[in-house]
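We count ligands from 1, going down the list as the structure has it; atoms in each ligand are counted the same way.
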Amino acid sequence: MSSDVIASLVSILFDWHTVGLAVGALFLSKIVRDEIFSPLARLPGMRPAFLGGLYANSGFVTGKYQQNFAAWHKRYGRIYRVDENMIFLSDPGCALQLLGSSTYPKGPIYQSLEFHQDNIFSTRDPVFHKRQHRLMSPVFSAKSIGDMESLVRESGVDGMIERVAEYADSGSTFDILELLLCMTLDVIGEVSFGKSFGALSKKQGENGTNILHWIDDTAALGLLKYGLGSLCQPWLMPGLFNSERRLVEFARNAIQRRRSIEAGQDGRPRDVLQRLLDAEDSETGEKLTDDQLIAESMVQLIGGTETTALTLTWQDTQFLDGEPAVYGDPVKNLPYLNAVLHEAMRMRPPAIVTFRETPPGGLELCGHFIPEKCAVYISIYGIHHLPEVYGEDADYFRPERWIDSSPEQLTRMRQMFLAFSMGSRACIGRNLAWMELRMALATLLRRYTFHIPDGVKNDMEMLLKFALRPRGGQLRVMATARAD
Ligand code: HEM
């Protein structure tokens with residue numbers, strides 16, 4: 001080939017007009033494929049579809065994920081397309097269809113939530129999930145968690161109430177969200193790691209909770225791994241990777257400490273950690289390895305701390321500056337207490353969404369054919385606010401709806417209450433969460449009233465981090481002891 005031919009080839013290749021045309025043609029063919037030939041093309045949603053994906057993911061960065069989807073729900077309805085290969089739904093029937101069956105795997109985002117290694121929460125492998133569930137569900141049964149009631153009270157609720165008493169006596173303003181986080185952290189420390197983190201015994205602001213930062217960082221790292229893929233490298237974000245490493249070390253030490261207690265030795269604890277160490281697979285006789293236990297303990301810490309504390313915080317906002325609705329002895333008034341907690345988790349579910357993937361061959365959803373390997377976002381928040389399920393006043397906090405609705409409506413409301421999800425991938429820790437929630441709320445409201453002092457501003461706009469939090473990150477209040 002002569003040098004002239006090579007020179008002209010090079011000049012064509014590097015002619016910016018040619019490059020521009022090639023990029024434009026590729027882009028156009030993508031748009032034609034997505035908007036005309038894709039089986040999702042007929043679904044409503046932002047056009048072109050890839051812009052919708054960019055907008056949706058920007059919600060992870062701004063924290064306005066929920067608000068973005070609420071606006072889209074109003075515009076496009078109960079099922080719409082978010083991205084080339086992703087749909088969003090808040091239709092009760094379709095949600096039941098997907099969540100009620102174990103045949104639909106969790107969506108790809110969960111892969112990045114493998115803390116240390118694949119675990120019961122992150123796994124997309126139905127066989128591995130079944131095995132972990134078989135081993136772990138007896139440990140989290142109502143009976144087993146019921147046996148840990150005194151551990152929960154002594155490690156968390158008592159300490160939290162002591163702190164509230166100190167603030168009430170001294171007339172100080174305090175951040176009740178931080179206090180509740182310390183409580184739920186100490187409870188998980190005690191039941192899942194065999195040792196309280198001692199967060200409640202530290203002063204506010206220095207809550208001893210390096211652990212809380214490690215949890216935040218590790219959860220954020222999971223989401224970043226999903227968004228950035230292999231760009232997410234330790235040299236680029238050493239702080240986040242360091243936090244994850246420290247959590248792993250923490251869990252490993254807790255497990256090794258416990259392993260040194262001989263089997264059959266007197267006074268062996270009966271907490272979650274010990275029960276998981278002793279658990280044997282009923283089919284194979286296998287036990288959890290140390291690495292599996294580390295991953296599972298990390299999930300309990302990340303999934304069980306903030307969710308419970310935030311539920312209590314969101315419901316607290318309803319009782320500020322007013323007579324608490326739980327009159328007299330709230331433990332005796334259990335139906336009302338339960339109604340308040342259901343309503344708090346309906347209005348502000350800590351986990352606002354769950355993700356599934358369509359199976360080989362695709363499936364029919366709300367009258368649309370959705371091809372295989374499509375990510376489906378199921379909006380827990382959206383379903384919790386549907387008037388047809390919860391009534392015309394679904395946007396208002398009204399615990400009485402859980403008591404005075406007709407039996408048919410109550411059945412429907414309970415069926416669509418997805419705060420703990422449903423089906424085979426429902427929250428395994430819900431018995432523990434309910435125990436903590438009831439105990440903490442009953443004790444708090446029986447003894448104290450709360451108000452926001454003049455001049456204190458709390459930014460309670462919803463912000464999605466790993467869970468749904470108040471944007472300001474705190475709820476500063478004053479407590480007053482009840483006279484009776
Ligand atoms: C109010 C408190 C809680 C709420 C609202 C909550 C909510 C949820 C939700 C919605 C899921 C399904 C997640 C998904 O599909 O993406 C889930 C799963 C899970 N939760 Fe919770 N959770 C709470 C407390 C806890 C606690 C205290 C623990 C453990 C100590 C825990 C451990 C787990 C685990 C291990 C899974 C995965 C279950 C599986 O896939 O089989 N959670 N939780």
Side-chain angles (χ1 to χ4, degrees), residues 95 98-99 102 104-115 118-126 128-137 139-140 144-145 148 151-152 156 180-181 183-193 215 219 222-223 271-273 275-276 292-293 295-315 341-342 344-357 375-381 383-384 417-438 440-441 466-468:
L98 287 172
L99 299 179
S102 51
Y104 307 117
K106 277 188 163 180
I109 189 171
Y110 291 90
Q111 241 157 359
S112 60
L113 300 173
E114 284 181 4
F115 307 119
D118 205 12
N119 56 63
I120 189 166
F121 172 71
S122 65
T123 193
R124 305 178 65 217
D125 170 0
F128 180 70
H129 181 262
K130 219 170 176 181
R131 184 250 187 192
Q132 296 300 91
H133 198 263
R134 236 181 2 246
L135 267 160
M136 294 177 67
S137 55
V139 176
F140 286 94
S144 165
I145 293 296
M148 296 174 213
L151 267 186
V152 172
L180 292 166
L181 274 170
M183 177 192 81
T184 53
L185 191 64
D186 281 354
V187 168
I188 295 285
E190 191 68 52
V191 301
S192 302
F193 292 82
I215 294 175
L223 295 176
D271 52 21
V272 166
L273 175 59
R275 287 173 199 232
L276 286 179
Q292 284 169 348
L293 269 166
E296 298 302 352
S297 317
M298 283 173 69
V299 166
Q300 289 158 42
L301 189 58
I302 295 169
T305 307
E306 226 193 351
T307 44
T308 314
L310 283 166
T311 299
L312 287 165
T313 304
W314 285 120
Q315 75 73 36
L341 288 167
H342 270 102
M345 286 188 270
R346 181 187 73 80
M347 292 283 290
R348 295 284 183 269
I352 60 167
V353 67
T354 178
F355 310 82
R356 292 294 181 272
E357 188 176 80
V376 185
Y377 288 26
I378 302 164
S379 172
I380 295 177
Y381 185 98
I383 290 171
H384 279 188
F417 178 74
L418 299 176
F420 294 101
S421 189
M422 66 171 291
S424 62
R425 303 305 296 263
C427 177
I428 205 172
R430 59 191 182 277
N431 290 320
L432 177 60
W434 271 112
M435 179 195 277
E436 257 185 279
L437 291 170
R438 288 192 186 110
L441 182 60
F466 196 63
L468 201 59

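The two residues T305 and I188 have their closest heavy-atom pair at OG1-CG1, 4.1 Å. Of all non-hydrogen atoms in F355 and V353, the two that sit nearest each other are CZ-CG1, 3.6 Å. Nearest heavy atoms, L312 versus L441: CD2-CB, 4.0 Å.
Counting heavy atoms from C-beta outward, L99 and S421 have side chains that approach closer than 4.5 Å. Counting only heavy atoms from C-beta outward, the side chains of I109 and L223 approach each other to under 4.5 Å. At a threshold of 4.5 Å between non-hydrogen side-chain atoms, the residues L293 and L276 count as touching.
For ligand 1, the atoms lying closer than 4.0 Å to a non-hydrogen atom of V299 are 35 (C). Heavy-atom proximity to K106, at under 4.0 Å, picks out these atoms of ligand 1: 14 (C), 15 (O), 40 (O). Residue P350 has at least one heavy-atom neighbour below 4.0 Å for each of these atoms of ligand 1: 5 (C).
At least one N or O atom of H129 sits closer than 3.5 Å to an N or O atom of ligand 1. Between Y110 and ligand 1, a contact under 3.5 Å exists for at least one N or O pair. In terms of N/O distances under 3.5 Å, ligand 1 is approached by R425.
Nearest to atom 1 (C) of ligand 1 among the protein's heavy atoms is T311 OG1, 3.6 Å. Regarding atom 10 (C) of ligand 1, its nearest protein heavy-atom neighbour is A419 O, 3.2 Å. Protein heavy atom in closest approach to atom 15 (O) of ligand 1: T354 OG1, 2.6 Å.
Proximity of A426 to ligand 1 is established by a heavy-atom distance of less than 4.0 Å. For F355, the closest heavy-atom approach to ligand 1 does not fall below 4.0 Å.
Only side-chain heavy atoms of I188 come within less than 4.0 Å of ligand 1; its backbone N, CA, C and O stay farther off. At a heavy-atom cutoff of 4.0 Å, ligand 1 is contacted by both the backbone and the side chain of T308.
Between the CZ atom of F115 and the CD atom of E296 there is a distance of 11.0 Å, given to the nearest 0.5 Å.
Below the 2.8 Å limit, atom 21 (Fe) of ligand 1 has as protein N, O or S neighbours C427 SG.
Ring-plane geometry between F420 and W434 is classed as tilted, the angle between the planes lying from 30 to 60 degrees on a 0 to 90 degree scale.
In terms of the side chain to side chain contact (heavy atoms under 4.5 Å, CB included) criterion, residue partners of M148 (sequence neighbours excluded) are, by chain and number, S144, I145, L151, V191, V272, R275. Checked against side chain to side chain contact (heavy atoms under 4.5 Å, CB included), D118 has the following partners two or more places apart in sequence or in another chain: E114, S122, T123, F128. Not a single ring-ring contact (aromatic ring centres under 6.0 Å, His included) links F140 to another residue, sequence neighbours left out.
Remark: side-chain polar atoms of H384 are not paired, donor with acceptor, to backbone N or O of R348 under 3.5 angstrom.
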